[in-house]
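Labels below follow one simple rule: chain letters A, B, ... track the order of the sequence lines, proteins then strands, and each chain is numbered from 1.
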2 protein chains.
Amino acid sequence: MLGYLMMNRKSDEEELRELAGDFREALRHSVYLVRRLDAEGELSAAQLSTLKMLLDGGVRVGEIARNLGVRVPSATEQIIKLERAGLARREPDPDDSRAVRVVLTPAGRDAVDSANARRNAVMAGILSSLSEQDRQALAAALPVIGQINASLQD
Amino acid sequence: MLGYLMMNRKSDEEELRELAGDFREALRHSVYLVRRLDAEGELSAAQLSTLKMLLDGGVRVGEIARNLGVRVPSATEQIIKLERAGLARREPDPDDSRAVRVVLTPAGRDAVDSANARRNAVMAGILSSLSEQDRQALAAALPVIGQINASLQD
DNA sequence: TGTTCATCATTAGGTAACCTAACATTTAGG
DNA sequence: CCTAAATGTTAGGTTACCTAATGATGAACA
C-alpha cells in the first residue's frame with residue numbers, strides 16, 4: 001500500500017514532467033504560427049500588443065512594460081515608434097510628474113481594429129479545419145493557459 | 001427554419017472568430033512564458049530547437065530550416081554557432097555533394113539533455129499549481145495545437 | 001555530351017526587439 | 001533639507017530573423 005502510494009506519487013511527477021515537455025514543444029512550434037500572422041505593411045506583433053493595452057484609456061510606461069513582459073526601455077522604444085507613426089501620444093501624468101501616460105490616437109484605434117480583425121481572420125481560417133471536438137478541446141484549454149500566464153505576472 | 005440555419009451558420013463563424021482571438025491572445029502571452037524559461041549561460045531557445053532535431057541522426061540544413069520555420073540562412077547561422085560551441089558538426093552529404101548533413105556531437109547531446117531537463121523542470125514547477133482538471137484540459141488541447149502547427153509545415 | 005536550369009548552402013548587409021548601464025527628473029521619508 | 005527610491009529616456013550592444021547575391025553541384029534534355 002505504501003509502495004502503491006509511492007509509485008502513484010512518482011507517476012504524478014512523471015506525468016507532470018511529460019506534460020511540461022509537451023507543452024513546451026507546442027509553444028515552440030506556435031512561435032512560427034504567430035509569425036505566420038504577420039503581414040507586410042501592418043503593425044508588428046509587438047506594436048499591436050502595445051496598442052491593445054491602451055484601448056481602455058491612458059497607461060503609464062512602466063505598466064505597459066510590465067504587461068508586455070519586457071523592460072521599461074524596450075517599452076519606451078515601441079512607444080516612440082507608435083508615436084512617430086501617429087498611433088499613440090505621450091502626455092504628462094497629472095498625478096506624478098515623473099510619469100508619462102500613453103494614450104491612443106483615433107488613428108491608433110483604427111489601426112488596432114483593422115490589424116486585429118485581419119489577424120483574427122487568418123487565424124480563424126487556420127482553425128476552420130478543426131473538428132468540432134478539437135475546437136472544444138482547444139477552447140477548454142485557453143482559460144488554463146491564461147491562468148498560467150497570469151500567474152507569471154508577478 | 002431557413003432563418004434558424006442562417007443564424008446558426010453565422011453563430012458558428014462568430015464562435016470561430018472568437019476562438020481565434022482568444023487563441024491569439026493566449027499565444028501572445030505565452031511568448032513571455034517561453035522567455036521565462038531561458039537561463040543565463042545555457043543554450044538559447046533557438047539553439048536548443050535546432051539541436052533537438054539532430055537527436056535521431058544527421059539532418060540537412062534545408063530540412064532544419066523547414067522544421068524550425070525559418071529561412072535557410074537563419075538556420076545556417078545557428079548551426080555555425082553550434083559548431084563553434086562544439087555541439088554540432090557539419091559533414092558533406094554522401095548522397096548529394098551540394099548538401100550538408102548536420103550531426104550532433106556527444107557534447108551536443110549532453111547539452112540538449114541538460115537544457116531540456118532544466119527547462120522542463122521549470123515548466124513543471126509552473127504547471128504544478130494547476131488542478132487535475134486543468135491539467136487534463138491542457139493535455140487534451142496539446143495534440144490539437146500540434147495538429148494546427150503541423151498543418152502549417154507546408 | 002554539353003548547355004541550361006534548379007537546388008543547396010553560405011556570405012553580406014540590414015532590421016526589429018530585446019537587454020543592461022548610466023543618466024535626469026521628481027517624489028517621498030527621515 | 002537631503003538623501004533614497006521611483007520613473008522614463010538615452011546610449012550601446014546582442015540575438016535572431018530577413019532578402020539578395022554568389023558559388024557549387026545535380027538533373028533534364030536537345
Open item on the list: Output the rounded distance in Å from CD (B/Glu42) to P (D/dT15).
Closed with: 15 Å

Task: Residue whose closest nucleotide on DNA chain D lies nearer the 5' end, A/Glu63 versus B/Gln78 - done: A/Glu63

Open item on the list: Rounding to an integer number of Å, can you tell me how far B/Arg35 CZ sits from D/dA16 C1'?
Closed with: 12 Å

TODO: Would you indicate whether B/Glu132, at its atom CD, is surrounded by more than 12 heavy atoms from other residues, nucleotides or ligands within a distance under 6.0 Å?
DONE: yes

- [ ] Mind checking the CG-CG spacing from A/Leu82 to A/Leu104? Nearest 0.5 Å is all I need.
- [x] 9.0 Å

Open item on the list: How about CD on A/Glu18, more than 12 heavy atoms from neighbouring residues, nucleotides or ligands closer than 6.0 Å, or not?
Closed with: no

Open item on the list: Using a strict heavy-atom distance below 4.0 Å, which residues from residues 90-103 of chain B are in contact with DNA chain C?
Closed with: B/Arg90, B/Arg98, B/Ala99, B/Val100

Open item on the list: What residues from residues 107-119 of chain B pass a heavy-atom cutoff of under 4.0 Å to DNA chain D?
Closed with: none

TODO: Answer yes or no: is there a side-chain heavy-atom contact under 4.5 Å between A/Arg24 and B/Leu48?
DONE: yes

- [ ] Could you tell me which non-hydrogen atom of B/Leu16 sits nearest to which non-hydrogen atom of A/Ala124, and how far apart they are?
- [x] CD2-O, 3.5 Å

TODO: In whole angstrom, give the distance that lies between atom CD1 of B/Ile80 and atom P of D/dA16.
DONE: 13 Å

Task: DNA chain C contacts made by residues 69-77 of chain B, counting heavy atoms under 4.0 Å - done: B/Val72, B/Pro73, B/Thr76

Open item on the list: Applying salt bridge (Lys or Arg N to Asp or Glu O under 4.0 Å), can you list everything that pairs with A/Asp110, at least two apart in sequence or on another chain?
Closed with: none

Task: Interface limits on DNA chain C, where chain A has a heavy atom under 4.0 Å of a nucleotide atom - done: C/dA16 to C/dT27

Task: DNA chain C: 5'-proximal contact among A/Ala45 and B/Ile79 (nearest heavy atom) - done: B/Ile79

Task: Whole-Å gap separating P (D/dG8) and CG (A/Leu82) - done: 16 Å

Open item on the list: Do B/Gln47 and B/Glu42 have side chains that approach each other closer than 4.5 Å (heavy atoms only, starting at C-beta)?
Closed with: no

TODO: Ignoring backbone atoms, establish whether B/Lys81 has a side-chain N or O less than 4.0 Å from OP1 or OP2 of D/dT15.
DONE: no

Open item on the list: Assess whether a salt bridge exists between A/Arg98 and A/Asp93, defined as any Lys/Arg side-chain N lying under 4.0 Å from an Asp/Glu carboxylate O.
Closed with: no

- [ ] Report whether B/Leu33 and B/Leu43 are members of the same hydrophobic cluster (ILVMFWY, side-chain heavy atoms less than 4.5 Å apart, transitive linking).
- [x] no

Open item on the list: Let me confirm one number: the CD-CG distance from A/Glu14 to A/Leu19, rounded to the nearest 0.5 Å.
Closed with: 12.5 Å

Task: N-O pairing of A/Glu15 and A/Arg17 below 4.0 Å - done: no

TODO: Take atom CZ of A/Arg28 as the centre, draw a 6.0 Å sphere, and report whether it contains more than 12 heavy atoms from other residues, nucleotides or ligands.
DONE: yes

TODO: Identify, with sequence neighbours excluded, every residue that meets salt bridge (Lys or Arg N to Asp or Glu O under 4.0 Å) alongside B/Arg90.
DONE: B/Glu83

